[in-house]
Amino acid sequence: MTKKSCAVDLFLFMGQSNMAGRGIVSDIWPEEAPKVLEAAGYEYRVVSDPGRLYPLEEPFGCLENREGGIHDGRMKTGSMVSAFINAYFEKTKTSVVGVSASKGGSSILEWQPGTAYLNDARRRLEDAKEFLGSHGYEIRHIFMLWCQGETDGDHKMMARDYQMYFSRMWDVMKEGGVERCFLVRIGNYNGDQDISYEEIMEAQNQLPKVFQDVIMVSECLAGMKERGLMKDFFHYYQKAYNEAGKEAGENAAEYVLES
């Protein structure tokens, strides 16, 4: 993005692997991640190249590894972010600046005040705000898109505990200026062990009722197992990420336009 003095919405994309993106294609599911529309979205590479904005493309955030902080190695293959941004931009006509802040396999316990991941997320947020402000961009809104919880389902965390830990994490992000958390609810476990994600899914269903500034924007991952769109026990083909991103982007945009 070269035009200065324009309004943008700053988004942190936070959570674990299904936010980071593990999308692949197959003969049955050949759909790739969409190309981001012109002027719709840009990545601020706060770790790897903080001096400029890049047109956003998949795999989003693949270079944004920080030693001692959020580090996802080379695991990112394709996420819901591009589809989210296209859908959001088509309705709001506002460009998104995206910051990657997701870590595969992370528990909500690793996103608590004082932890390496949450400290890094706040640092990424502050650096992005400073960069945009110093380069003439008006930050219209600051939001986060959150998709996390499978690891806590694996560990059989109770719903009330998940909500408590989420609350502590969310307080820290709000202190940094994040206005709303848009929530993508997790889907189902696809393995053969005695594991269910129903408790975490129900905890997430209740979050918007407990917190007025948390908005559920997608529940569609729960239907992907039945449709054969899960590539392994936990992750999805790219088509599923595209659908979840589109649904979340449309619903987030509608919320922004109506508020």
Side-chain angles (χ1 to χ4, degrees), residues 12-23 70 72 75 79-81 84 101-118 121 143-174 178 180-237 239-241 243-245 247-248 251-252 255:
L12 276 81
F13 294 94
M14 294 178 58
Q16 60 178 109
S17 56
N18 283 321
M19 177 55 71
R22 301 293 190 256
I70 298 169
D72 209 32
M75 299 295 290
S79 74
M80 66 179 76
V81 173
F84 176 90
S102 53
K103 173 64 175 73
S106 56
S107 164
I108 192 72
L109 298 175
E110 297 175 279
W111 293 96
Q112 294 304 288
T115 59
Y117 296 161
L118 195 57
F143 298 131
M144 58 183 273
L145 187 70
W146 176 258
C147 183
Q148 184 279 335
E150 294 92 347
T151 293
D152 301 308
D154 295 341
H155 296 163
K156 303 184 185 302
M157 182 178 287
M158 299 298 292
R160 64 178 180 272
D161 294 329
Y162 185 88
Q163 290 170 355
M164 175 185 68
Y165 290 123
F166 177 92
S167 174
R168 293 174 180 175
M169 178 272 296
W170 179 222
D171 283 345
V172 171
M173 297 311 296
K174 286 191 290 186
V178 181
R180 298 287 185 273
C181 174
F182 294 118
L183 180 63
V184 175
R185 195 183 67 183
I186 64 169
N188 290 295
Y189 173 68
N190 190 38
D192 53 7
Q193 298 183 48
D194 180 23
I195 292 173
S196 171
Y197 293 160
E198 291 295 329
E199 187 84 7
I200 302 301
M201 292 166 70
E202 180 55 28
Q204 293 181 345
N205 286 340
Q206 296 302 316
L207 288 175
K209 301 174 184 178
V210 177
F211 306 100
Q212 292 185 342
D213 42 18
V214 175
I215 298 92
M216 181 76 75
V217 290
S218 178
E219 302 174 356
C220 73
L221 289 178
M224 300 304 177
K225 177 180 176 179
E226 215 170 73
R227 295 171 58 194
L229 276 161
M230 295 190 72
K231 70 170 191 175
D232 57 28
F233 290 176
F234 314 106
H235 307 113
Y236 303 88
Y237 289 102
K239 177 177 172 57
Y241 291 118
E243 290 185 16
E247 178 179 71
N251 288 331
Y255 176 86

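Of all heavy-atom pairs between Gly187 and Tyr236, the closest is CA-OH, 3.4 Å. In terms of heavy atoms, Met157 sits closest to Glu199 at O-CG, 3.4 Å. Of all heavy-atom pairs spanning Lys103 and Trp111, the tightest one is N-CZ2, 4.2 Å. For the residue pair Ser218 and Ala244, the shortest heavy atom distance occurs at OG-O, 3.8 Å. Heavy atoms only, all atoms of each residue included: His235 and Asp232 are closest at N-OD1, 2.6 Å. Nearest heavy atom pair, residue Ile195 against residue Gly153, reads CG2-O, 4.2 Å.
Separation of atoms OH (Tyr237) and NZ (Lys231) is listed at 8.5 Å; rounding is to 0.5 Å. Separating the NZ atom in Lys239 from the CZ atom in Arg227 is a distance of 6.0 Å, to the nearest 0.5 Å. Here OG of Ser106 is found 9.0 Å from CE of Met14. Values are rounded to the nearest 0.5 Å. Expressed to the nearest 0.5 Å, how far NZ of Lys174 lies from CZ of Arg180 amounts to 9.5 Å. Note that SG of Cys147 and CD of Gln204 are 7.5 Å apart. Values are rounded to the nearest 0.5 Å. Here Ile215 contributes atom CD1 and Leu207 contributes atom CG; the two are 11.0 Å apart, rounded to the nearest 0.5 Å.
Under the 3.5 Å distance criterion, the side-chain polar atoms of Thr115 are matched with a main-chain donor or acceptor of Glu110. Between the side chain of Gln112 and the main chain of Tyr165, a donor-acceptor pair closer than 3.5 Å is present. Judged purely by atom type and a 3.5 angstrom limit, Asn188 uses its side chain to pair as donor or acceptor with the backbone of Ala222. Remark: side-chain polar atoms of Gln163 are paired, donor with acceptor, to backbone N or O of Ala203 under 3.5 angstrom. Judged by distance alone, with hydrogens and angles left aside, the side-chain atoms of Gln16 form a donor-acceptor pair with the main-chain N or O of Gly149 at under 3.5 Å. Under the 3.5 Å distance criterion, the side-chain polar atoms of Ser107 are left unmatched by any main-chain donor or acceptor of Thr151. At distances below 3.5 Å, not a single donor-acceptor pair connects side-chain atoms of Lys225 with backbone N or O atoms of Met230. Judged by distance alone, the side chain of Asp72 and the main-chain N or O of Met75 form no donor-acceptor pair under 3.5 Å. Not a single donor-acceptor pair under 3.5 Å links the side chain of Glu150 to the backbone N or O of Ile186.
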Applying side-chain contact (heavy atoms from CB on, under 4.5 Å), run through Ile108 and Gln148 and close with a yes or a no. CA-CA 8 Å; Ile108 192 72; Gln148 184 279 335; 3.9 Å; yes

Begin with the C-alpha distance, continue with both residues' side-chain angles, and end with the deciding distance and a verdict on ring pair (Phe, Tyr, Trp, His ring centres under 6.0 Å) for Phe13 and Phe84. CA-CA 11 Å; Phe13 294 94; Phe84 176 90; 5.8 Å; yes

Apply side-chain contact (heavy atoms from CB on, under 4.5 Å) to Tyr197 and Asp154, showing your working. CA-CA 8 Å; Tyr197 293 160; Asp154 295 341; 2.7 Å; yes

Between Val217 and Glu247, is a side-chain contact (heavy atoms from CB on, under 4.5 Å) present by the stated rule, with each step listed? CA-CA 7 Å; Val217 290; Glu247 178 179 71; over 6 Å; no

Please walk me through it: do Phe166 and Phe211 pass side-chain contact (heavy atoms from CB on, under 4.5 Å)? CA-CA 10 Å; Phe166 177 92; Phe211 306 100; 4.1 Å; yes

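Between Val210 and Ser167, every side-chain heavy-atom pair lies at or beyond the 4.5 Å cut-off. Between Arg185 and Leu221, every side-chain heavy-atom pair lies at or beyond the 4.5 Å cut-off. Under the 4.5 Å side-chain criterion, counting only non-hydrogen atoms from C-beta, Asn251 is not in contact with Phe182.
Remark: the Asn18 side chain and the Tyr241 side chain contain an N/O donor-acceptor pair separated by less than 3.5 Å. Side-chain contact of Tyr162 with Glu202: a donor-acceptor pair under 3.5 Å is absent, judged by distance alone.
For Arg160, the CZ atom counts as loosely surrounded, since its 6.0 Å shell holds 12 or fewer non-hydrogen atoms of other residues, nucleotides or ligands.
A salt bridge between Arg168 and Asp171 is absent, with no side-chain N of the basic residue lying under 4.0 Å from a carboxylate O of the acidic one.
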